[in-house]
Amino acid sequence: MANKTLVIIPAYNEAATIEEVVRSAIVYADVSVTDDASKDETPVILKKLQKEFGTRLNVIRHEKNTHIPQGIQDGMKYAVEKKYDWVITMDAGLSHDAAYLKEFIQFPNCDLVIGSRTSTVNVPLYRKFISWLAAKVMNYCLSNGVFNLFGNNLRDCTSGYRRYSKLMFEKIASYPLESVAFDFHMEALSIVSKNSGSIKELPIKYVFSNSSFNRKVLKLAIQFAKKLLLRKWKLTPEYP
């Protein structure tokens with residue numbers, strides 16, 4: 001596999017962790033951080049790191065907060081422009097261990113590799129249940145046929161630690177996204193599936209940290225899953 005990989009990190013008010021995350025990730029690949037209108041010291045830290053790492057660290061600054069979808073999509077647009085072969089998305093917190101980047105990079109050729117959270121630390125029970133339920137729903141939504149309940153039988157459909165092939169991140173980069181928050185990971189998975197992309201999972205350890213997951217985010221995820229179900233049952237037209 002060609003080793004021209006870009007790690008995309010959306011960041012919002014991540015002054016406490018962003019330097020450690022960038023330093024850990026850049027050991028393995030080039031990095032693009034989308035600073036999503038941070039109000040803390042995140043921009044200052046990134047400017048300092050840019051001086052140190054030069055072209056290996058790209059920083060995209062949003063003047064208005066757009067959340068995860070636009071942050072990752074803008075990183076993917078940069079990857080298209082600079083002709084990267086793969087992109088890996090990861091959190092700006094410390095929930096994703098950068099050491100797994102080596103495994104993502106060396107993983108056999110496929111369109112989407114999902115970092116499946118088989119081992120977790122400090123994850124509340126309700127979060128585990130939501131992730132489990134989301135996987136069941138997404139597997140059904142993306143399966144072929146109304147009576148195929150299991151589809152690809154993916155264990156983790158909402159993990160944000162992922163590797164995308166060039167074919168797929170190019171599609172996502174130009175896609176008119178519907179998602180507004182963490183539902184992006186569901187939408188990106190549906191785009192890969194709709195385009196007959198191959199999907200595999202890589203077991204990872206996930207450490208629960210300060211999360212912006214809340215009732216509003218959960219509601220958005222439920223709404224997106226409902227859209228997929230209605231399209232599967234032919235009750236609403238395909239999108240876009």
Side-chain angles (χ1 to χ4, degrees), residues 6-19 21-22 25 31-46 57-80 87-96 112 114-115 117 123-124 126-127 130-131 134 137-138 141 156-164 168-192 206-228 239-240:
L6 180 69
V7 178
I8 297 173
I9 306 171
Y12 176 66
N13 290 345
E14 300 286 358
T17 58
I18 192 62
E19 181 166 358
V21 171
V22 169
V31 173
S32 179
V33 179
T34 304
D35 173 19
D36 200 26
S38 295
K39 297 177 178 62
D40 63 0
E41 291 297 302
T42 298
V44 177
I45 295 168
L46 289 172
L57 173 60
N58 176 60
V59 176
I60 300 166
R61 168 72 182 178
H62 287 173
E63 295 306 322
K64 182 180 177 181
N65 185 256
T66 61
H67 213 58
I68 288 175
Q70 193 64 54
I72 293 180
Q73 193 177 49
D74 282 353
M76 288 181 171
K77 288 176 181 176
Y78 175 78
V80 172
V87 301
I88 298 172
T89 59
M90 67 182 294
D91 287 349
L94 296 172
S95 55
H96 295 157
L112 174 59
I114 299 174
R117 295 166 288 190
V123 178
Y126 79 93
R127 284 293 304 273
I130 289 170
S131 295
V137 173
M138 285 299 293
C141 286
D156 193 342
C157 294
T158 53
S159 169
Y161 206 178
R162 303 176 169 194
R163 188 195 79 187
Y164 294 88
M168 291 303 153
F169 75 70
E170 283 181 342
K171 290 184 183 299
I172 297 169
S174 60
Y175 201 82
L177 296 173
E178 293 179 278
S179 51
V180 233
F182 289 95
D183 48 336
F184 167 80
H185 302 306
M186 300 166 69
E187 183 169 21
L189 174 58
S190 70
I191 293 168
V192 173
Y206 174 80
V207 180
F208 184 80
S209 59
N210 182 30
S211 175
S212 55
F213 188 89
N214 52 44
R215 288 185 181 180
K216 181 180 178 182
V217 169
L218 176 60
K219 184 178 178 181
L220 289 169
I222 292 171
Q223 288 173 344
F224 188 79
K226 183 180 176 182
K227 288 177 184 177
L228 291 179
Y239 175 88

Audit row: Tyr175, Glu187, side chain to side chain contact (heavy atoms under 4.5 Å, CB included) steps and yes/no
CA-CA 10 Å; Tyr175 201 82; Glu187 183 169 21; 3.7 Å; yes

In Å and rounded to the nearest 0.5 Å, what is the [atom1] to [atom2] distance from [X] to [Y]?
X	Y	atom1	atom2	answer
Thr89	Ile8	OG1	CD1	7.0 Å
Glu14	Leu94	CD	CG	9.0 Å
Ser179	His185	OG	NE2	9.0 Å
Glu41	Leu46	CD	CG	11.0 Å
Ile88	His96	CD1	NE2	12.0 Å
Arg117	Ser95	CZ	OG	8.5 Å

Donor-acceptor pair, side chain of Asp156 and main chain of Ser159, under 3.5 angstrom
yes

Strictly distance-based, threshold 3.5 Å: is any side-chain N or O of Asp40 a donor or acceptor partner for the main-chain N or O of Thr42?
yes

Smallest separation among heavy atoms of [X] and [Y], with atom names:
X	Y	value
Ala181	Ile68	O-CB, 4.0 Å
Thr158	Ser131	OG1-OG, 4.0 Å
Ile18	Ala92	CD1-CB, 4.0 Å
Ala15	Ile45	O-CD1, 3.5 Å
Ala173	Val80	CB-CG2, 4.1 Å
Asn13	Ser38	N-OG, 2.8 Å

Single hit among Thr34, Asp36, Asp74 for side-chain hydrogen bond (donor to acceptor under 3.5 Å, both in side chains) with Thr66:
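Looking at Thr34, Asp36, Asp74, the match for Thr66 under the side-chain hydrogen bond (donor to acceptor under 3.5 Å, both in side chains) is Asp36.
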
Do [X] and [Y] have side-chain heavy atoms sitting under 4.5 Å apart?
X	Y	value
Val33	Leu57	yes
Gln73	Leu177	yes
Met168	Leu112	no
Tyr239	Lys227	no
Ser190	Phe224	yes
Leu189	Met138	yes
Asp35	Ile60	no
Val7	Met90	yes

Kindly indicate, with the supporting measurements, whether the criterion side chain to side chain contact (heavy atoms under 4.5 Å, CB included) is fulfilled by Met76 and Tyr164.
CA-CA 10 Å; Met76 288 181 171; Tyr164 294 88; 3.7 Å; yes

Test side chain to side chain contact (heavy atoms under 4.5 Å, CB included) applied to Ser32 and Ile9, step by step:
CA-CA 6 Å; Ser32 179; Ile9 306 171; over 6 Å; no

Quick check: are there more than 12 heavy atoms from other residues, nucleotides or ligands sitting under 6.0 Å from CD of Glu170?
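Check passes, neighbour count above 12.
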
Run the side chain to side chain contact (heavy atoms under 4.5 Å, CB included) test on Leu218 and Gln223 for me, step by step, so that the C-alpha distance in whole Å, both residues' side-chain angles and the decisive distance to 0.1 Å come before the verdict.
CA-CA 9 Å; Leu218 176 60; Gln223 288 173 344; over 6 Å; no

Tell me if the aromatic rings of Phe184 and His67 count as close, with their centers under 6.0 Å from one another.
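Phe184 vs His67: aromatic centres not under 6.0 Å.
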
